[in-house]
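See structure below.
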Amino acid sequence: MPVEGHAASPFALDPESVATLDAIREALLDPSPRRIGRLDQWGLADTYETYAEIAEYRETPIIMADGTRIDAALSMPRNLAPGQTCPVVVMPAPLVAIGRTAYLGMLPRLALGGYAVLAYSQRGLAASTGEIHVAGPQDVDDGVEILDWLTGLEGVDPERIGCFGASYGAGTSLLLAARDSRVKAVAGASAWGDLFASLYENDTLHTAAFEALVALFGEERCSKEFRGVIEKIRSNTVDDEVREFARVRSPKEYLKAYNDHNLPVLMTTYWHETIFSVPAVVDFFQDLQSPKSLLVQIGDHGNGELPGLLGLIAKPTETAYRWLDHHLGGSAGNGATPQFGVRSEYMHNLLSELSHASWDDYVLPRKRFHLGAASGETDATMAEGQPQPGWTRSLDATGESSAVVVAPQLIKTGLAERLGLPHTYKTGAVGGLALAWTTAPLKQPMRVQGELELRVTIAPEMAGDATIVAYLMDLNEATGNARIITHAPYTLVGRSAGEATTLTFPLQPAHYVLGKGRRLQLIIDAHDPFFTDANTTPSTLRLSSPENAEAYLDIPLAPLS
């Protein structure tokens, strides 16, 4: 099951959304009856007619000290009284070809809420000149210059500046706030906490996500430093330069600044996020000591906020409006109070929502399921009770995928999940390409909620590196269909032939509801096109459960209440 290639970017907006944003931009630049009337086909004419009465939109390039032209647009409330000021939201662009234009659908709500808005495309992105630095120090310097320019405008309250950003814009917003204390609140959708952990999970490169991001940036527009890092990552060279490149671009490195400034931070992510590390976002959230909120939803990167960016109702943007209102004094969120702590949806109920004061309150205690030996032609067992030592199973590393992969398509598979169409796997077809362990049928509906941990011992047949990928599945035995709950890869580095190593590592956190009669199924594979495969092929990996290091999977499992 190949991961989608890069010819059609998984980040690209659909043609209808692009046409809508183009029509909105034309109406903002020329709020004539003819231009605004064109928006009738999307039901937006009244919205932008009202916007034109209360706010003024203009596109205003901002020139940096080195001559770089930053493409920006400013929305300012009309008819401010002399000396009156308003809060302002700064919106660095997401990583899409249209740059800051992606935010045009949010302007009416923010304008009605009394905000000025400055949206801009980071250097090298969309219509901005210069080279792409990937939210690096140069981009942060640009953000500081932009704040200098912004606070010099009449009507802007320099004490009420907040940032909203999606994806690339979320990271840029957090890094700017770490540098410049004039930013009083951040709302980041599909944000990252640790860039290195997003590239490498358990020493395993997220190949498909990395290449999709590079293709979207366009290597010809990237800085020399970034191009060098790209080549090192492609050659699997993880040195101090790569680590430092990621470190300075990771919000987790600036926790002291956020905590010292008591910066309110809202972040959103997804259970099946394939671009940025969810555990790293959770770790960052837990370490923040300032006012904070975390929203975890069904789907993949950017799925939930997209309707909100287009001006429709979406949980991430509605949450962001309330967050900014609470901390900056606007009224875009219709007076609703923001929620702090953790909010979550569970798979696959889009209407679900649970609230907890903290991540520790959210996660369930884990139950230990011991991995047993295979019996005949059946799967091996996975059950509570006594450890199961003494077995060995062989996993063939062929460079081919079994019937299970993280996601057949980046982002789009998660979007289908969000629309109620989760991908179906036939785990009975894994054959000799993967190993499976399966529980007895569940006696009642159950929920998986929180963090998981796997322990297994591995000995590669050949010297060098070796990769495994573990998946936890929801198996419907009656149909043979399964759905993915969570996963994680692991790469052993520099092992001798036959050297046994006991691995203990986390799977991605999960929130999943299983029906009565379903089985939990652990699949361990040697290849997934989403990740770099470090195995020598063909070869064999021997998985075992030695005495005093018995194999298990810890699952936060409890009856559905």
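We number each residue from 1, following the sequence as shown.
Aromatic pair Tyr270/Phe276: ring centres not closer than 6.0 Å. With ring centers used as reference points, Tyr471 lies 6.0 Å or more from Tyr425. Aromatic rings of Phe226 and Phe217 (six-membered ring for Trp) have centroids within the 6.0 Å cut-off, being under it.
Using bins of under 30°, 30° to 60° and over 60° for the plane-to-plane angle, the ring pair His348/Tyr512 lands in the perpendicular bin. Between His487 and Phe531, the two ring planes are tilted [angle within 30° to 60°].
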Evaluate the ring pair (Phe, Tyr, Trp, His ring centres under 6.0 Å) criterion for residues Phe530 and Phe210: first the C-alpha distance (whole Å), next the side-chain angles of each, then the deciding distance (0.1 Å), finally the verdict.
CA-CA 10 Å; Phe530 185 76; Phe210 171 72; over 10 Å; no
Let me see the working for Glu241 and Lys232 under salt bridge (Lys or Arg N to Asp or Glu O under 4.0 Å), right down to the final yes or no.
CA-CA 9 Å; Glu241 181 186 8; Lys232 285 189 174 184; 2.5 Å; yes
One pair to check against salt bridge (Lys or Arg N to Asp or Glu O under 4.0 Å): Asp474 and Arg483. What are the steps and the verdict?
CA-CA 5 Å; Asp474 164 18; Arg483 294 173 177 172; 5.7 Å; no
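With hydrogens and angles disregarded, no donor-acceptor distance shorter than 3.5 Å links the side chain of Ser190 to the backbone of Thr269. Judged purely by atom type and a 3.5 angstrom limit, Thr467 uses its side chain to pair as donor or acceptor with the backbone of Ala534. The backbone N or O of Leu371 sits less than 3.5 Å from a side-chain atom of Trp391, completing a donor-acceptor pair.
No hydrogens or angles considered: a donor-acceptor pair under 3.5 Å links the side chains of His301 and Ser167. Neither side chain, Thr424 nor Asn481, offers a donor N or O lying under 3.5 Å from an acceptor on the other. For the residue pair Thr172 / Gln122, a side-chain donor-acceptor distance below 3.5 Å is found, with atom types taken as modelled. Between Glu550 and Gln386, the side chains place no donor N or O within less than 3.5 Å of an acceptor N or O (distance only, hydrogens not considered). Looking only at atom types and distance, the side chain of His423 has no donor-acceptor partner in the side chain of Glu417 under 3.5 Å away.
Residues passing the salt bridge (charged side-chain N to carboxylate O under 4.0 Å, His left out) test with Lys256, sequence neighbours excluded: Asp260. Under the side-chain hydrogen bond (donor to acceptor under 3.5 Å, both in side chains) criterion, Glu353 pairs with Lys315, Arg343, sequence neighbours left out. Under the rule for a side chain to side chain contact (heavy atoms under 4.5 Å, CB included), the partners of Leu503 that lie at least two apart in sequence or sit in another chain are Ile458, Ile468, Tyr490, Leu492, Thr501, Phe505. Evaluation of the side-chain hydrogen bond (donor to acceptor under 3.5 Å, both in side chains) rule for Thr427 yields Gln521 as partners, not counting sequence neighbours. Not counting sequence neighbours, the partners of Gln449 by the side chain to side chain contact (heavy atoms under 4.5 Å, CB included) test are Leu354, His356, Tyr362, Leu364, Arg447, His511. Residues passing the side chain to side chain contact (heavy atoms under 4.5 Å, CB included) test with Ser496, sequence neighbours excluded: Glu499.
Contact of the Thr413 side chain with the Asp300 side chain is not registered, since no non-hydrogen atoms from C-beta on lie closer than 4.5 Å. In this structure, the side chains of Pro509 and Trp271 come closer than 4.5 Å at one or more pairs of heavy atoms.
Both the sub-6.0 Å distance and the 45° axial angle are not jointly satisfied by Arg455 relative to the ring of Tyr552.
To the nearest 0.5 Å, the span separating OG1 on Thr381 from CZ on Phe369 amounts to 11.5 Å. The line from CG of Asp194 to CZ of Arg249 is 13.5 Å long, rounded to the nearest 0.5 Å. Taken from CG in Leu433 to CD1 in Ile523, the straight-line distance is 11.5 Å, to the nearest 0.5 Å.
Between Arg227 and the options Glu220, Glu131, Arg221, a side-chain contact (heavy atoms from CB on, under 4.5 Å) holds for only Glu131. Put simply, the residue from Tyr258, Tyr254, Trp192 that forms a side-chain contact (heavy atoms from CB on, under 4.5 Å) with Phe284 is Tyr258.
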